[in-house]
Amino acid sequence: MTPAATLDLEPIVERLRRVTVEIAGPHGGLGSGVLWPRGCVVTNAHVVRGAHAAVRLVDGTRRDARVLARDAEADLALLELAGSGVAPATLATAPVRIGSLVVAVGHPFGLRGVLTAGIVHAVGPLVPGGAPWIQADVRLAPGNSGGPLADGAGAVVGLNAMIAGGLALAVPVARVQAFVRRAGVRAT
Amino acid sequence: METLLALSNELATAVEHAARAVVGVDARRRFGSTGVHWRPGLVVTADHTVEADEDIAVVAGDGRRVSAAVAGRDPATDLAILRVDAGVAPVAEITTDAPRVGHLVLAVGRGPRASWGVISALAERMLLLDLTLYPGFSGGPLVDARGRVVGITTSGAERHLQAAVPAATVERMVQELERRGRLPRAYLGVGTQQVRLTDELRARLRTDQRTAAIVVEVQPDGPAGRAGLVIGDVVVALGGTAITEPLDLRLSLRPEHVGETVTATIVRGGEPRDVPVTIGERARR
């Protein structure tokens with residue numbers, strides 16, 4: 001058994017790449033988004049500022065998507081994207097453990113489908129009493145925003161939103177689901 | 001994918017296991033650092049994070065604050081040992097098995113927080129790491145994939161940004177403290193500067209060492225002065241360890257060497273010679 005075979009990320013990465021869309025940012029820059037259940041895309045509020053956004057699927061198809069909801073404080077936005085023909089992301093149900101493996105997929109600096117891997121550094125608020133964030137020891141860059149942070153099974157545990165002190169900060173999937181529910185879309 | 005998940009779970013379990021013996025150390029004005037409950041009642045941390053000798057608090061995993069006192073320091077290796085109530089946390093599982101380059105390792109900070117990486121090189125006295133030591137991690141454990149402590153992390157090591165003191169070195173220091181009841185500070189009583197060795201000298205010394213440390217100051221009643229070292233002597237080796245710069249000299253002076261007589265290989269007036277030197281103890285502050 002070679003080390004490469006033991007640590008092969010390829011099976012989960014392929015699936016993650018298919019559900020990670022590109023979103024044209026407000027100034028022509030690129031962000032990322034995740035194909036969510038029920039014909040939606042979730043991304044960061046700071047990635048889409050208008051009422052519409054240009055979404056590019058993994059096969060290169062470009063679509064115009066309407067912004068259904070935004071929550072600037074949680075840094076989340078929900079886009080309508082029915083009939084993409086791509087199965088949505090699998091969402092993690094168990095809480096993440098500190099030290100467990102995580103991978104991020106996104107489009108940093110316009111490079112498509114870039115994978116970075118690391119571990120969960122901590123989970124908790126950034127300021128006392130604040131909302132919890134997943135803090136991950138994973139390298140991110142501008143363009144990763146709105147892309148998935150996934151566990152070792154490829155299930156999405158959070159939405160990458162920020163880089164702080166070298167750490168990736170992701171909105172936990174439970175918080176994204178609550179946002180989607182509030183927007184009137186039932187995530188299954 | 002099962003292998004990946006299994007690895008992921010093992011890493012998380014390793015962090016959990018190690019974190020039980022991890023404490024916070026509040027001994028500086030800036031953010032606190034991390035420590036490891038090494039022996040019942042003894043916490044090891046990074047010396048550069050212990051700015052004060054008094055008013056030190058150790059924070060248990062459940063948030064309890066316990067007062068601690070400095071039991072010993074070794075600035076050369078950047079280690080400090082604190083005396084605390086033994087009930088502060090479980091004692092760490094330590095391994096002194098030789099770490100290998102490429103081994104997967106995790107750094108654990110108070111919280112707990114974690115980062116991962118590999119051992120990228122083995123320096124003479126340090127493990128050099130390809131991982132991020134986040135603010136407050138210094139003094140915390142570097143652990144293997146089983147969660148066993150292989151070293152104490154420090155971002156304060158002079159030549160390396162991310163490094164760890166091997167567990168075997170920590171263990172020797174803790175034993176020294178237990179044996180003597182304190183940790184003496186070894187010293188020679190010289191000031192040195194780096195100097196280049198000529199090709200001719202290197203041939204005569206049968207060494208490929210390019211530099212050494214020239215004595216520019218001698219404390220008359222210090223260990224080096226008593227051994228007869230004078231200004232201008234070039235120290236090439238001490239106790240068999242190559243001295244290529246003043247830092248090597250400082251790092252080779254370990255607490256356990258106090259009172260030992262070692263051979264200093266020097267060059268005086270162009271002539272190599274060996275001089276026995278008894279390593280002294282610096283007066284306590």
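Proteins get letters first, then strands, A, B, ... in listed order; numbering begins at 1 in each. No experiment lies behind these values; they were computed from the predicted model shown.
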Which atoms form the tightest heavy-atom contact between [X] and [Y], and what is the distance?
X: G99(A); Y: L11(B); value: O-CB, 3.2 Å
X: A122(A); Y: P112(B); value: CB-O, 4.3 Å
X: A12(B); Y: S100(A); value: CB-N, 3.9 Å
X: T13(B); Y: R97(A); value: OG1-NH2, 3.0 Å
X: L4(B); Y: G152(A); value: CD2-O, 3.5 Å

Discussion item. Students often mix this up, so state it plainly: with edges at 30° and 60°, are the rings of Y134(B) and H121(A) parallel, tilted or perpendicular?
Written reply: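 Ring orientation, 0 to 90° scale: perpendicular.
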Discussion item. Given heavy-atom pairs under 4.5 angstrom as the criterion, report whether the side chain, backbone, both or neither of E10(B) touches chain A.
Written reply: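 Interface part for E10(B): neither.
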Decide if atom [atom1] of [X] counts as having more than 12 heavy atoms of other residues, nucleotides or ligands within a radius under 6.0 Å.
X: D64(A); atom1: CG; result: yes
X: R28(B); atom1: CZ; result: yes
X: R139(A); atom1: CZ; result: no

Response to the item:
Bottom line for V120(A): the part with an atom under 4.5 Å from chain B's heavy atoms is backbone
Worksheet entry | Atom pair OG1/CG of T132(B) and D137(A) - distance to nearest 0.5 Å |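 Those atoms lie 5.0 Å apart.
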Worksheet entry | Between CD1 on residue I12(A) and CG on residue L5(B), distance to nearest 0.5 Å |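 Between atom CD1 of I12(A) and atom CG of L5(B) there are 8.0 Å.
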